[in-house]
Amino acid sequence: MGKKKSAILITLLTLVIAALCFICTVSFSYGTDGMYTFNSILRTTAKDADLGGIYGANGYKGGGISVTYYPEGVITAKEYTDNIGAYADETEREEYENSYVPYLGGTLYLDKEDVCGNGTEPTEEFKTAFENTLQILQDRYALLKKDGAELAVKDDYTVRVFLPQMMDASLVAFTVNSYTGDFSVRYGSDAATAPEILPALRKKTIDDYFKRAYSRTSADGTSYVALQFTKEGKEVLAEETQNANTMYFMVGENQVIPLTISEAVDTDVLYISGSYTPETAAIYANVINTVMKSPDAENTLALTVGDSLKYEALYGNGTLTALYAAYGVCFAAMMAFFFVRYRKLGFVHLYTYLIFTFIMILCVYGISFLYLSLETFLAFLLVSLLLSVSNVITFEYAKKEYANGKTMTSSVKEGYKKSFWHVFDLHIVIAVLSFIVYGIGLSNLSLFAFILGLGTIFSGLACLGLNRLTWAAMMSFTPKKGAFCNFKREEVEDDD
C-alpha cells in the first residue's frame, strides 16, 4: 500500500475512532444553567438494576422502584377475582363476570364493551388509543434523562416502568406521568366544578393561548414550574381572573398544578413555586409539554397505577464502578503486553480493538433486548481476550516467517495464511456454541451467550480484515519494518 493511501486510511481511522469515542463515552451539560444535556451512547444504554455504584451525571445507583400502568378497561386476574368475590348478589356477580373477557389465558381481563366492542378481542380504536398513550409515556420518561430508567410493554396492553433508586421523585413521576388527556386551565373554587377559561372558545385551541412549560431552580435552591402564555392567552387570563380564587392547570380530568391567586394574572410567564424539587418541577413541566406536543393527546386512555415494587442492587452498590475499574486494568495490561512485545505494532492492535469495542457498545445500545449487566461485561472481556489471542497468533506466525529470512511483506502474508484456519475455526466454534446456548434461552445465560456470539463474529472480522489492513497502512511509513514490529532475524553461524 502506498504512503499516500496509507496516510488517508490512517487519518480516516483516527477520525472515526475519535468520533466514536466522543459519541460513545462523553456526556456533558450545556446551555443556560446546564439546561440541556448531551448524553453518550454508553450513558443512555439500558443498565441492569442489579449493578450498583454511582456513575453518570445523574448519579444512577443499582436497584430501584417499578410500577405497572393499566389502561382504562384492563385489569389483572387478581383484581377480577377480588371484584367477583365482593358481590353478594348472584345476579350482579354474573353481570360483572359477563362484562369482561379473559386475555392471554386469563393473565388480564378486558372490558367487553369499552375495550372489545362487545367482541372478544381489542378493537382497532382501543389499539390506536393505547399506542398514543404509550408514545406519550415514552416521551415523558425519556425527558427524565435518568440512567437506568426502563419502559416496556407487558402482556400486550400494560406498561411496566422502572426508575432507579437514586431518583427521589420516583413516586411523583409514576403518578403524574400517568395523566392523559388535553391540557386546559380552569378557574374557580373546586377543580371538578370550575369552568374552563383556556381554551374557552371552540374555534381555538390551547396552542393559541399557551406556549410551553419549563422548570427553573434559582440560586437559593427554590424550584419553579414556569408557564409561558401567548399574547392572547395573557389577555384572557387578565380578563378572567379578576377575583380571588384558584386556577387549576389540568391534563384531562387530572389536576396537575393548583394556584391560588388574589389578583388578576397579567403576565407572559407565570412562575409557580411550592414544595417542588428540581426533579419534580421538571416532571410537571414535561407532562404539560408532552400533552401540548402530541397531536393525539385527546385520543388516549386513562391509566391506573399499579402497586410499586422495590428492587435492591443484587451485587451491591459498588459493582458497576468495580467492573469499569476491572476493565480499565485489563485494557492497560493488554496494551502493555502488545507494546512491550511488539513495539509500534501495538498501535495496530489498539486501533483494531478500539473500533471493535465501540461497535460492541453500539450493538448493546441499539439491540432492544441487550443491556449492560454483569453477564454483558464478562462476555465482552472474553471476546476481548479472544481478539487479543487471535492477533497474537497472527503476529507470532509472521514473526517466525520474518526470522527465517523472508521480507516483511511476505512474512505478513504468510503469517495470515498459516494462522487463518486456526483463527477462523476458533471463532466459528465459539460463535456456534454461543448461539446454540442463546437459542435454548437459559435466563441470564442467554444474554451472556448472545454477547459472546456477537462479539466473536466482530472479533473474527476485526482480526482477519481490519487488523491486516491497518498493519499494512502503518508499516508503509517506516523503512525499518522489522524494528517497527520488534521482529528479528535468526542469526546463523558459519562453519569454518
Side-chain angles (χ1 to χ4, degrees), residues 1-2 5-6 9-10 13 16-17 330-360 379-436 451-492:
M1 184 180 293
K5 290 183 179 179
S6 298
L9 177 61
I10 295 301
L13 284 176
V16 168
I17 290 172
C330 292
F331 177 80
M334 173 188 69
M335 294 316 306
F337 169 82
F338 275 93
F339 278 109
V340 169
R341 185 168 181 80
Y342 302 112
R343 299 294 191 270
K344 295 179 182 178
L345 186 57
F347 282 108
V348 174
H349 176 73
L350 175 63
Y351 270 53
T352 302
Y353 181 76
L354 288 177
I355 291 178
F356 162 78
T357 299
F358 295 136
I359 289 175
M360 289 299 297
F380 177 70
L381 288 178
L382 283 178
V383 291
S384 296
L385 178 62
L386 177 63
L387 176 58
S388 299
V389 169
S390 300
N391 279 346
V392 167
I393 292 173
T394 303
F395 291 171
E396 289 299 318
Y397 268 106
K399 185 177 183 180
K400 186 179 293 185
E401 296 297 321
Y402 184 79
N404 290 334
K406 292 186 178 180
T407 64
M408 180 59 72
T409 301
S410 178
S411 297
V412 173
K413 183 178 180 180
E414 195 66 22
Y416 272 99
K417 181 178 179 181
K418 290 186 175 181
S419 66
F420 178 85
W421 288 111
H422 297 291
V423 173
F424 183 81
D425 290 345
L426 179 63
H427 281 76
I428 285 295
V429 169
I430 294 176
V432 169
L433 290 176
S434 298
F435 286 121
I436 288 175
I451 294 291
L452 184 61
L454 186 67
T456 299
I457 293 174
F458 287 123
S459 171
L461 294 174
C463 177
L464 299 175
L466 179 62
N467 200 67
R468 184 172 183 177
L469 183 65
T470 307
W471 191 350
M474 289 188 176
M475 198 168 55
S476 66
F477 291 103
T478 176
K480 299 180 179 180
K481 303 186 187 308
F484 177 85
C485 303
N486 198 29
F487 291 179
K488 297 179 180 179
R489 304 283 191 189
E490 288 186 359
E491 295 183 4
V492 181

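For reference, positions follow the sequence shown, starting with 1. Note: hydrogens, waters and symmetry copies are ignored here, and every other heavy atom, side chains too, is used.
The pair Glu414-Lys400 fails the salt-bridge criterion, with no side-chain N (NZ, NE, NH1 or NH2) lying under 4.0 Å from an Asp/Glu carboxylate O. Lys413 has no carboxylate O lying under 4.0 Å from a charged side-chain N of Glu401, or vice versa, which leaves the two without a salt bridge.
Side-chain N or O atoms of Ser419 include none that pairs as donor or acceptor with a backbone N or O of Thr394 at under 3.5 Å. Checking side-chain atoms of Lys481 against main-chain N and O of Met475 turns up a donor-acceptor pair under 3.5 Å. A distance-only check finds a donor-acceptor pair linking the side chain of Thr470 to the backbone of Leu466 [under 3.5 Å]. A donor-acceptor pair under 3.5 Å links the side-chain atoms of Ser476 to the main chain of Ala473, judged by distance alone. Checked by atom type and distance alone, the side chain of Arg489 pairs as donor or acceptor with a backbone atom of Lys406 at under 3.5 Å. The closest donor-acceptor contact from the side chain of Asn486 to the backbone of Arg341 lies under 3.5 Å.
Using the six-membered ring where Trp is involved, Phe338 and Tyr342 have ring planes that are tilted, between 30° and 60° apart. Taking the six-membered ring where the residue is Trp, Tyr353 and His349 present parallel rings, their angle staying beneath 30° rather than reaching 60°.
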(request) Could you check Phe487 against Ser411 for side chain to side chain contact (heavy atoms under 4.5 Å, CB included), going step by step and ending with a plain yes or no? (result) CA-CA 10 Å; Phe487 291 179; Ser411 297; 5.8 Å; no
(request) Let me see the working for Phe339 and Phe347 under ring-ring contact (aromatic ring centres under 6.0 Å, His included), right down to the final yes or no. (result) CA-CA 8 Å; Phe339 278 109; Phe347 282 108; 4.8 Å; yes
(request) List the steps and the verdict of side chain to side chain contact (heavy atoms under 4.5 Å, CB included) for Phe395 and Asn467. (result) CA-CA 11 Å; Phe395 291 171; Asn467 200 67; 3.5 Å; yes
(request) For the pair Val16 and Phe358, evaluate side chain to side chain contact (heavy atoms under 4.5 Å, CB included) and give the outcome as yes or no after the intermediate values. (result) CA-CA 10 Å; Val16 168; Phe358 295 136; over 6 Å; no
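Note that CG of Leu426 and CG of Leu386 are 5.0 Å apart. Values are rounded to the nearest 0.5 Å. How far SG of Cys463 is from CD1 of Ile393: 8.0 Å, rounded to the nearest 0.5 Å. Considering OG1 of Thr456 and CG of Leu387, their distance stands at 10.5 Å, rounded to 0.5 Å. With values rounded to the nearest 0.5 angstrom, Ser459 atom OG is found 11.5 Å from Ile359 atom CD1. Taking OG of Ser410 as the reference point, atom OH of Tyr402 lies at 12.0 Å (rounded to 0.5 Å). From Leu13, atom CG reaches atom CD1 of Ile17 across 6.0 Å, with rounding to the nearest 0.5 Å.
The aromatic ring centroids of Phe420 and Tyr416 lie 6.0 Å or more from each other.
The side-chain heavy atoms of His422 and Tyr397, taken from C-beta on, include a pair separated by under 4.5 Å. You'll find the side chain of Val423 reaches within 4.5 Å of the side chain of His427, heavy atoms only.
Residue Ile451 comes nearest to Val383 through the heavy atom pair O-CG1, 4.4 Å, listed as atom of the first residue, atom of the second, then distance. When every heavy atom of Met334 is checked against every heavy atom of Ser388, the shortest pair comes out as SD-OG, 3.2 Å. Of all the heavy atoms in Phe435 and Leu454, the pair that sits closest is CZ-N, 3.7 Å. Between Cys485 and Trp471 the shortest heavy-atom distance is SG-NE1, 3.6 Å.
Both tests do not hold together for Arg343 against Phe484: distance to the six-membered ring centre under 6.0 Å, angle to the ring axis within 45°.
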